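Everything below concerns the one structure shown next.
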Amino acid sequence: MTGAAGPSQPTAEGAPSAGSGRSSSGRSSSGRSSSGRGGQVVVALDVGGTGMKCALVRPDGRVTHTERHPTGAERGPTAVVGSILDVAEGLAGKARADGLTPVAAGLAVPGVVDETTGLAVWSANLGFRDVPLRELVGARLGLPAALGHDVRAGGLAEARLGAGRGTRHVLFLAIGTGIAAAHVVDGAAFPGAHGAAGELGHVVVRPDGPRCGCGRLGCLEAVASAAAVGRRYTALAGVPVTAAEVVTRAAGGEEAAARVWRETIDALADGLAIAQALYDTEAVVLGGGLAEAGAELLDPLGVALRQRLTFQTEPRLLRAALGDEAGSLGAALLALDTLDTLDTPDGS
Ligand SMILES: [Zn+2]
């Protein structure tokens, strides 16, 4: 996927894109438009429950190197943090070996993340509890560092470099094993007061529905995540299949699959109608595994959402453009934003 989505010139143009949020606040162009950053790269890591997606990214958004590593979450949080630091240091070394200068590091992790303090507050997958990841990475590399939430980082990248490019108000919805959202305005994702904004997956859409991992009944993610779609079909038809297979079978006219898929679309539309009432966005970018369904998802979801809106303006529904590299690109953007803050005289 590297480079395929074309995030080549995110800041060079005045149009809303990678740097738009920053330039509108007058903090941007100083560093990135200057020629002094030719050999510079940022180190970016997107740490997931099973794997780390890593990249070296130039200030103009171009990816010069990618690598992937297992997270090894079963080893416990201390070992995971050790691996993150080793991998980050290895990436900085790789940059230097390629004649490039690493100038900052960005890290995206799942769970509850306090971007302001740089704390990984809580993560079910990684076992994190108040881990000062930003400080640890910054100290190991001797570089400015940024820590972000994985879905917010992905949303940031989609809004600035991907499907939402040129759009000021974007809601990114990641539908995979779970469901989470990121509200991005002018190129900045809102984390909330406690680092836990955007949990659209835990809005209750079916009060008598299946129990969610969070403990409640009928959360959106318990009905409509990729994992839930597979589970519900298996319960109905007795055959274990993936969500993608359910979509294929539904498109082929199979009754049970069509029913599960229709219920999924309805639940997602209920969730998006709530989100649109709250956020009034221009575009909703759909990512995660379920978005691979493409038109089979977007077309009926658009119809179902339209039926639910009254006075609200209908957002455009777009399929995510950056694939599973959105998180690492978002981590790179967070690192670059750190430099902007440092560069600008009034930024400190
Ligand atoms: Zn829940």
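Atoms within each ligand, like the ligands themselves, are counted from 1 in listed order. Values in this document were obtained by computation on a predicted structure and should not be read as measured data.
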Pair Asp324 + Arg68: basic N to acidic O under 4.0 Å: yes
Heavy-atom pair of closest approach, residues Pro207 and Leu217: O-CB, 3.6 Å
The Zn ion (ligand 1): protein N, O or S atoms [distance under 2.8 Å]: His202 ND1, Cys212 SG, Cys214 SG, Cys219 SG
Minimal non-hydrogen separation, Cys219 against Val205, with atom names: C-CG2, 4.4 Å
Ionic contact status for Glu255 with Arg259, cut-off 4.0 Å: no
Closest contact, heavy atoms only, Ala320 versus Glu158: CB-OE2, 3.4 Å
Donor-acceptor under 3.5 Å (Gln276 side chain, Thr313 main chain): yes
